[in-house]
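Below you'll find the structure, written out as C-alpha cells, and then a few comments.
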Number of protein chains: 2
Amino acid sequence: MLDNLMGIEKQNKNIKATLRDVARVAGVSSTTVSRVLNDKPNVSDAIKDKVQSAIENLGYSPSPTARALNTGRTYTVGALVPTLDNAIFARFLDALEKRLTFHNLNLVISTTDEDPKTEVQNAIDLLNMGAEALIVSGEIRHPDFDQLISRNRIPVIITSYFTSNSPYPSIGYNNAQISKIALNHLFDRGHNSIAVIHGPTKHNDRTRERLKGIQEDKRFSSITYHEADISIGSGCAAARLIIRQKGRPSAIFCLSDVLALGVMFELSRKSISIPDEIAIMGFDNLSWSAHTNPPLSTIELSVASMGIKVADELNQRLNKNKPIQSQALEGQLIIRHST
Amino acid sequence: MLDNLMGIEKQNKNIKATLRDVARVAGVSSTTVSRVLNDKPNVSDAIKDKVQSAIENLGYSPSPTARALNTGRTYTVGALVPTLDNAIFARFLDALEKRLTFHNLNLVISTTDEDPKTEVQNAIDLLNMGAEALIVSGEIRHPDFDQLISRNRIPVIITSYFTSNSPYPSIGYNNAQISKIALNHLFDRGHNSIAVIHGPTKHNDRTRERLKGIQEDKRFSSITYHEADISIGSGCAAARLIIRQKGRPSAIFCLSDVLALGVMFELSRKSISIPDEIAIMGFDNLSWSAHTNPPLSTIELSVASMGIKVADELNQRLNKNKPIQSQALEGQLIIRHST
DNA sequence: CAAGATATTGGAACCGGTTCCATATGTCAA
DNA sequence: TTGACATATGGAACCGGTTCCAATATCTTG
C-alpha cells in the first residue's frame, strides 16, 4: 500500500521519505505537515493524528539542510583552538560545549597548532560548513581573516586573551597583568633573582603577553628566560640548564604547570629542596597541581567559567541578536607550598 | 551602479548577495556562475573574469546550506564522548579531528557524562544539525538509539571499545584482554594478592570490560576492588583504604593513570616504597606517567592512532561509499619502575 | 564549404523544507 | 438570517544553490 502511494521505486531505492511524501500518505497539504512538525497552532487533532501516523509509517525524519536553508540557521558555532590535547583547552571546550548545548547550539572544533595558515584555512572550512559564529584563541593576524569575516558577516569572539584593541570582542585574560600577580608573590617572598620558563612564543599571543608583563617588572635583580615546548620532558631539560647556570636563581616561574611539574621532577632527582633552595611557581592550576610534592603554587585561570561566558554571549548574539560584551577575566593566585 | 543592479533595498538592508545577484551583475546565467564557483570546465576565460569580478564587487560568498541541500552533503560527523576534560578522550579527539580535516570532514563534539538519556538527546541534536555519521564511545543501550539510527540511515561507529556483538562496527580495544596483559605482568613479578582501583562502572562499558578481564583470572589468591572517581584525590583516598586493610596487597592495579598518580602521592606521603613494598600498575600512559617517581608501569592505548583509524574508515564510508571495517586494537604493556 | 563534432551558454526544474496569502468552514452576536 | 470574525486547510512561491537538457557558437575535417 505504501508502495502504491510512494511509488515502488522510492521504496526499492531506499530513498528517504520527504515531507511531501508524508503529505500524500496523510492526504493533506505539505503546509499542514509542516505545521504538525513544528507544533504550530490551527491544526485539528484528527489531522494531527493522521499526519503523525503517516510520519510513523514512512519512518520520516525532516531534512536538517532543507530546514537550515529556510530558517537561515544552522545552530552551529565553530571554535579554532591550538590543540585539544592540552588540559586547559580541553577544560575550556568541555564547559563551552556543555553550555552551548544548553543554549541549543552545536560546537564544531578545529585545531590549528598555532599555525596562522591553518587557522585561516580552518576558518574557511568552518564557514563553509555553515558555522554561525567563530570562536578564536587569541587574535588572528593573517590578512585574509578579516576579509573572510566581513564577507561572511559573522560574529567573532576572541578568547583566552583579553584585548580592547581588536575589531572583535574578546572574553579572556589580561595575561600581562596576571603574570604580575605571580611576580608580586615571588617578590613578597623575598626572591630577587628568578628564572622564567615559557612555551613557544611564535604565534602565541597568550605567552607573549605573559612575558610582556614580566618584562615590565623592574624590581628583580635578574630574570633569565628559557623557552621550552610545553611538555614535562622539556621542563626537566630547562631545569637542568637553570640549576647549572652561574648565579642560580632562587625561584623559577613556569608559564605552565606542565613545565613546573617537569622542573619539580628534575629538582627532586637532584635533591634540590623546594621551596627552600628553589621556589617554583606554576600557571594553570591543573588537576594534579594540588597533589605534587610539595603542592604547587600556581595561578588559576577559570577557563571553565570562560567557556560558560563565551557560550552565554554567543547565545545572546545568535538567539537574541544582542551585541557581544567583551569581558576581562581575573586570574587567581593560589599559594601552596612550592613558594 | 550596484544599487541599480541589485535593487537599493538589498544594499540598505545589508542582505548578502546571492548567486543570482552575481549572475545579474556579471550579465550571465546562474548556471555559469555556478560553473565558475565550482571550477567546472567549459567556461571561457572572458566570462570567468567577469564573474570573478562580480563576485569581488558584491563580496559574494556562497551559502553553505543551499549547497548542502543540493549535494546532500554536510561534511560533518558527530562524536559522542563522555567528556573532553580527560586526557585520553582529548588525545583521541585531537587526532580524530586532524585526520577528519585532512579528509575534508568536520567534527562536531558532544559530551554526555556517560548519561544514556543525554547520549540519545545529543545524538538527536547531532542528526538535526546534519551529521552524516556518528561516533560513539562504547555501546549505546538506550532503546531509542537504534530506532533513531535506522530512521536516519546513518553510519555509526563504536570506539574505545571493541565488540563483535553489535549491529554497528567498532574500532577499539578489547579491554578485558588488555587488563589481562597487566595481570600477567604482575603475576610474573610474583604478586599474589592485589588491589584494583577502578572508575565508576555505571554506564561505562570500558571499565566493566576491564574488570571482567580481571575477574576471569583465577591465579591470584586475593583481589580486592575499589571504585573511585577518576581524580587524583580519589586515588589518594582509595590508597589510604588499601594500605589500612588487613592483608595489605603487594600490588595495586589502577585502571587509570590518574588514579595511579593519586596512589603514588599517598604512598609517598606514608613513606611506603614503590615497588618494594607495593607495586603500582597504571592504565593509559598519560604524558607525565614516564616522569613520576618511580616512573609508572602502565598500559598504552594508542588512542591517537585509534582516532586516525576512525577518521580513515569514515572517509572510506562517506566519501567512497565503502563499508566500515571493525578493528580490534592492541594495548601495549609499558614496564617502568613502579612494578 | 557543408556536415558533424565540440565547446559555450542559458532556461528551468529541482533539492526539501517554510511561509505568505487565499479560501473554506464554523461560531456568535445583532 | 446575515455580517463579522476566528479557526482550518491548501496552493504556490520561496530559500540559494546545482544540474539536466536544449540552444547556439566555434572548430574540424573531408
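Letters A, B, ... are given to chains in the order of the sequence lines, protein chains preceding strands, and every chain is numbered from 1.
- Going from atom NZ of Lys40(A) over to atom C1' of dT7(D) covers 16 Å, rounded to whole Å.
- For Asp45(A) and dA8(D), the CG to C1' distance is 12 Å, given to the nearest whole Å.
- Rounded to an integer number of Å, the gap from Asn38(A) CG to dT18(C) P is 5 Å.
- We find that CG of Asn42(B) is positioned 18 Å from P of dA23(D), with the value rounded to whole Å.
- Here the P atom of nucleotide dT19(C) and the CG atom of Leu19(A) are 12 Å apart, to the nearest Å.
- A close approach under 4.0 Å does not occur between any side-chain nitrogen or oxygen of Thr18(B) and OP1 or OP2 of dG16(D).
- Note on Ser34(A): a side-chain N or O is less than 4.0 Å away from OP1 or OP2 of dT18(C).
- In the interface, the side chain of Thr31(A) is paired with the base of dG11(D) through a donor and an acceptor atom under 3.5 Å apart.
- Of the two residues near DNA chain D, Ser61(B) and Pro41(A), the one whose nearest nucleotide lies more 5' is Pro41(A).
- Here Ser44(A) reaches the OP1 or OP2 of dT9(D): one of its side-chain N or O atoms lies under 4.0 Å away.
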May I have the step-by-step check of side-chain hydrogen bond (donor to acceptor under 3.5 Å, both in side chains) for Lys16(A) and Ser61(A), ending in yes or no?
-> CA-CA 8 Å; Lys16(A) 279 192 69 172; Ser61(A) 78; 2.9 Å; yes

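- Note on Val28(A): only backbone sugar-phosphate atoms sit closer than 4.0 angstrom, heavy atoms only; bases stay farther off.
- The distance from the CZ atom of Arg206(B) to the OG1 atom of Thr159(B) is 8.0 Å, given to the nearest 0.5 Å.
- At the phosphate of dG10(D), OP1 or OP2 sits under 4.0 Å from a side-chain N or O atom of Thr32(A).
- The CZ atom of Arg317(A) lies 10.5 Å from the CD1 atom of Ile157(A); values are rounded to the nearest 0.5 Å.
- Between Asn70(B) atom CG and dC15(C) atom C1' the separation is 5 Å, expressed in whole Å.
- Rounding to the nearest 0.5 Å places CD of Glu114(B) at 9.0 Å from OG1 of Thr83(B).
- Between Arg24(A) and Asp21(A), at least one side-chain N (NZ, or NE/NH1/NH2) sits under 4.0 Å from a carboxylate O, which counts as a salt bridge.
- Listed pair Ser29(A) / dT9(D) fails the phosphate criterion, with no side-chain N or O lying under 4.0 Å from OP1 or OP2.
- If you take CZ of Arg24(B) and C1' of dG10(C), they are 16 Å apart, rounded to a whole angstrom.
- Counting non-hydrogen atoms under 4.0 angstrom, Val43(B) reaches the backbone sugars and phosphates but no base.
- Counting atom types as modelled, Arg20(B) pairs a side-chain N or O with a base atom of dG17(D) as donor and acceptor under 3.5 Å.
- Residue Ser63(B) places no side-chain N or O under 4.0 Å from the OP1 or OP2 atom of dG16(D).
- Look at Arg67(A) and you'll find a side-chain N or O under 4.0 angstrom from OP1 or OP2 of dT18(C).
- Atom P of nucleotide dG16(D) and atom CG of Leu58(B) are separated by 14 Å, given to the nearest angstrom.
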